[in-house]
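Notes to accompany the following structure.
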Amino acid sequence: MTFKINQEIAVCGGRLLKLSHESIATKTSMDVNVYLPKQFYQKSSKIIPSIYYLSGLTCSPQNASEKAFWQIQADKYGFVMVFPDTSPRGEGVATDPENSWDFGIGAGFYVNATEEPYSKNYHMFDYVHNELPKSLSEHFNKDGKKIDFLDNIAITGHSMGGFGAISGYLKTLDKNQYKSCSAFAPIVNPMNVPWGQKAFKGYLGDDKSKWEQYDPCQLLKVVPSKNNDKILIHVGTNDPFLERELKPDNIVEASKGTTWENKIDMNIAEGFDHSYYFISTFVPMHAEFHAKNLGLI
Ligand SMILES: N[C@@H](CCC(=O)N[C@@H](CSC=O)C(=O)NCC(=O)O)C(=O)O
């Protein structure tokens, strides 16, 4: 699968590539940003691991590329950053009938929709966890493997994307797809909050057993943790969505009595909100966490 380079921008010691490609999973053109750190441009035989960052509601690949400051950390430890889009877009792609920002375009929730009309294009789970890594690997490693997009990889995300990261990590843990998972202000229990209920009803229908297959609080009960797994989470006390949509206590409670007990590293950050000021503050801690798990330190 070939990628079109729409823009290449010098950032820190590396380059941010703004790419697009035709996706089989979503049947649309998808945008994705990839940051290649300074190590990519140095003549070294070391294969560079990748971190996937899933953005939140209303975001495109640009938000985190511009405001999270992952690039500094990518150069520090030597990892590639991948910033996928949050939904399919374009002519013919169904969206929220009321055009609200919490469902439809910009709000794909990283699930495979089974309900019409969303089932035509909204296959974000397959796209992010399967098609995109394979396509990136084929594209960037044509002349020999330089970047690992498939095996030595980690996942993180914010809000809806924090949900997508935890859910994707747990759902692929049997094949060890991701070496580590972290999240910023994630929606940890979508089945029990308005954003998640609207999305799951729209994309998956009324059958709650389908919802359970994506909800982190349910997945913890059926996906066994292995050895030293830990999920790192930060949430701010001034987050306007804290009580209604995020409910961080729910995942800590859900983990009790499961193999995940004491493995949810929940950090409640005094005074922080939901914005990229909050995210960029804690990106260095998440980068260090993933760098350790990717064998970079
Ligand atoms: N547009 C909305 C605000 C939506 C919002 O806060 N989006 C967050 C993610 S929320 C959960 O998934 C976000 O990351 N926004 C982009 C940004 O750059 O901050 C409104 O108008 O209230």
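At least one donor-acceptor pair under 3.5 Å links the side chain of Tyr52 to the backbone N or O of Phe149. A donor-acceptor distance shorter than 3.5 angstrom exists from the side chain of Ser50 to the backbone of Asp148, with no hydrogens or angles considered. A donor-acceptor contact shorter than 3.5 Å is absent between the side chain of Trp195 and the backbone of Leu246. In this structure a side-chain-to-backbone donor-acceptor pair under 3.5 Å is missing from Ser137 to Pro133. Panel note: side chain Ser255, backbone Val252; a donor-acceptor pair is recorded below 3.5 Å. Although no hydrogens or angles enter the test, the distance criterion places no donor-acceptor pair under 3.5 Å between the side chain of Asn152 and the main chain of Pro49. Without hydrogens or angle criteria, Asn250 side chain to Val188 main chain gives no donor-acceptor distance under 3.5 Å. The closest donor-acceptor contact from the side chain of Asn267 to the backbone of Ile233 lies under 3.5 Å. The backbone N or O of His129 sits less than 3.5 Å from a side-chain atom of Gln177, completing a donor-acceptor pair. Judged by distance alone, with hydrogens and angles left aside, the side-chain atoms of Gln71 form no donor-acceptor pair with the main-chain N or O of Tyr35 at under 3.5 Å.
Rounded to the nearest 0.5 Å, atoms OG1 (Thr237) and CD (Glu270) are 4.0 Å apart. Rounded to the nearest 0.5 angstrom, Ile231 CD1 and Leu170 CG are separated by 5.0 Å. Taking OG1 from Thr2 and NE2 from His139, the interatomic distance works out to 8.0 Å, rounded to the nearest 0.5 Å. Interatomic distance, Ile155 CD1 to His290 NE2, rounded to the nearest 0.5 Å: 9.0 Å. Taking SG from Cys217 and CG from Asn192, the interatomic distance works out to 7.5 Å, rounded to the nearest 0.5 Å. Distance OG1/Thr86 to CG/Asn63: 8.0 Å, rounded to 0.5 Å.
In this structure, Glu138 does not pair ionically with Lys134, as no charged nitrogen and carboxylate oxygen lie closer than 4.0 Å.
Between Gly202 and Glu115, the shortest heavy-atom contact is O-CB, 3.4 Å. The shortest non-hydrogen separation linking Arg15 to Ala10 is NH1-CB, 4.0 Å. Across all their heavy atoms, Ile105 and Thr95 have their closest contact at N-OG1, 2.9 Å. For the residue pair Asn33 and Gln62, the shortest heavy atom distance occurs at ND2-OE1, 2.9 Å. The two residues Ala74 and Gln39 have their closest heavy-atom pair at O-OE1, 3.8 Å. Contact between Ala165 and Leu54 at its shortest, heavy atoms only, is N-CD1, 3.6 Å.
Taking 4.5 Å as the limit, every side-chain heavy atom of Lys76 sits out of range of all side-chain heavy atoms of Pro284. Counting heavy atoms from C-beta on, the side chains of Glu131 and Ile24 come closer than 4.5 Å. Considering only heavy atoms from C-beta on, Asn189 stays 4.5 Å or farther from Ile251 through its side chain. At a threshold of 4.5 Å between non-hydrogen side-chain atoms, the residues Tyr127 and Asn112 do not count as touching. Residues Asp265 and Phe289 fail the side-chain proximity criterion, which asks for heavy atoms closer than 4.5 Å. Counting heavy atoms from C-beta on, the side chains of Lys208 and Phe200 never come closer than 4.5 Å. Between Leu19 and Ile5, some side-chain heavy-atom pair lies under the 4.5 Å cut-off. Residues Pro216 and Pro190 are in side-chain contact: their nearest non-hydrogen atoms beyond the backbone lie under 4.5 Å apart.
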* Could you give me the CA-CA distance, side-chain angles and deciding distance for His234 and Phe272, then say whether ring pair (Phe, Tyr, Trp, His ring centres under 6.0 Å) is met? => CA-CA 10 Å; His234 279 84; Phe272 285 91; 8.9 Å; no
* Would you sort out whether Ile48 and Phe40 count as a side-chain contact (heavy atoms from CB on, under 4.5 Å), showing the intermediate values? => CA-CA 7 Å; Ile48 302 174; Phe40 178 81; 3.9 Å; yes
* For His286 and Leu232, what are the C-alpha separation, side-chain angles and deciding distance, and is it a side-chain contact (heavy atoms from CB on, under 4.5 Å)? -> CA-CA 7 Å; His286 288 236; Leu232 174 65; 3.8 Å; yes
* Verdict with supporting geometry, Val93 and Arg89, side-chain contact (heavy atoms from CB on, under 4.5 Å) -> CA-CA 6 Å; Val93 174; Arg89 297 174 195 266; 5.7 Å; no
* Asked: Ser100 and Lys198: side-chain hydrogen bond (donor to acceptor under 3.5 Å, both in side chains), yes or no, with the steps?
  -> CA-CA 11 Å; Ser100 48; Lys198 179 174 177 179; 2.8 Å; yes
* Asked: Asn121 and Thr28: side-chain hydrogen bond (donor to acceptor under 3.5 Å, both in side chains), yes or no, with the steps?
  -> CA-CA 7 Å; Asn121 304 110; Thr28 62; 5.6 Å; no
* For Lys221 and Glu212, what are the C-alpha separation, side-chain angles and deciding distance, and is it a side-chain contact (heavy atoms from CB on, under 4.5 Å)? -> CA-CA 10 Å; Lys221 295 177 193 161; Glu212 288 174 0; over 6 Å; no
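For Lys201, the NZ atom sits in a loose shell: 12 or fewer heavy atoms of surrounding residues, nucleotides or ligands are nearer than 6.0 Å. The environment of OH in Tyr41 is crowded: more than 12 heavy-atom neighbours from other residues, nucleotides or ligands sit within 6.0 Å. Counted within 6.0 Å of CD on Gln42, heavy atoms from surrounding residues, nucleotides or ligands total more than 12; the atom is thus considered enclosed. In the displayed structure, Lys226 atom NZ is contacted under 6.0 Å by more than 12 heavy atoms of other residues, nucleotides or ligands. Few gaps surround CG on Asp174; more than 12 heavy atoms of other groups in view lie less than 6.0 Å from it. Atom NZ of Lys263 sits in a crowded spot, with more than 12 heavy atoms from other residues, nucleotides or ligands closer than 6.0 Å. In this structure, Lys120 places its NZ atom where only 12 or fewer heavy-atom neighbours from other residues, nucleotides or ligands lie under 6.0 Å away. The 12-atom threshold is not exceeded at NZ of Lys4, counting heavy atoms of other residues, nucleotides or ligands nearer than 6.0 Å.
Note on Leu204: it clusters hydrophobically with Tyr110, by side-chain heavy-atom contacts below 4.5 Å among ILVMFWY residues. Both Val111 and Val223 belong to a single network of hydrophobic side chains, linked directly or stepwise wherever heavy atoms of I, L, V, M, F, W or Y lie under 4.5 Å apart. Grouping the Ile, Leu, Val, Met, Phe, Trp and Tyr side chains by contacts below 4.5 angstrom, directly or via other members, places Ile72 apart from Leu36. Follow the hydrophobic side-chain contacts under 4.5 Å out from Phe103 and you reach Val193 in the same cluster. Val32 and Ile9 fall into different hydrophobic clusters, defined by Ile, Leu, Val, Met, Phe, Trp and Tyr side-chain heavy atoms under 4.5 Å apart, directly or through other members.
The residue from Trp211, Tyr118, Tyr214, Phe125 that alone fulfils the ring pair (Phe, Tyr, Trp, His ring centres under 6.0 Å) condition with Tyr203 is Tyr118.
A tilted orientation is assigned to the rings of Phe184 and Tyr53, their planes being inclined by 30° to 60°. Using cut-offs of 30° and 60° for the angle between ring planes, the His274 and His158 rings count as tilted.
Judged by a 6.0 Å distance limit and a 45° cone about the ring axis, Lys146 is not positioned over the six-membered ring of Phe140.
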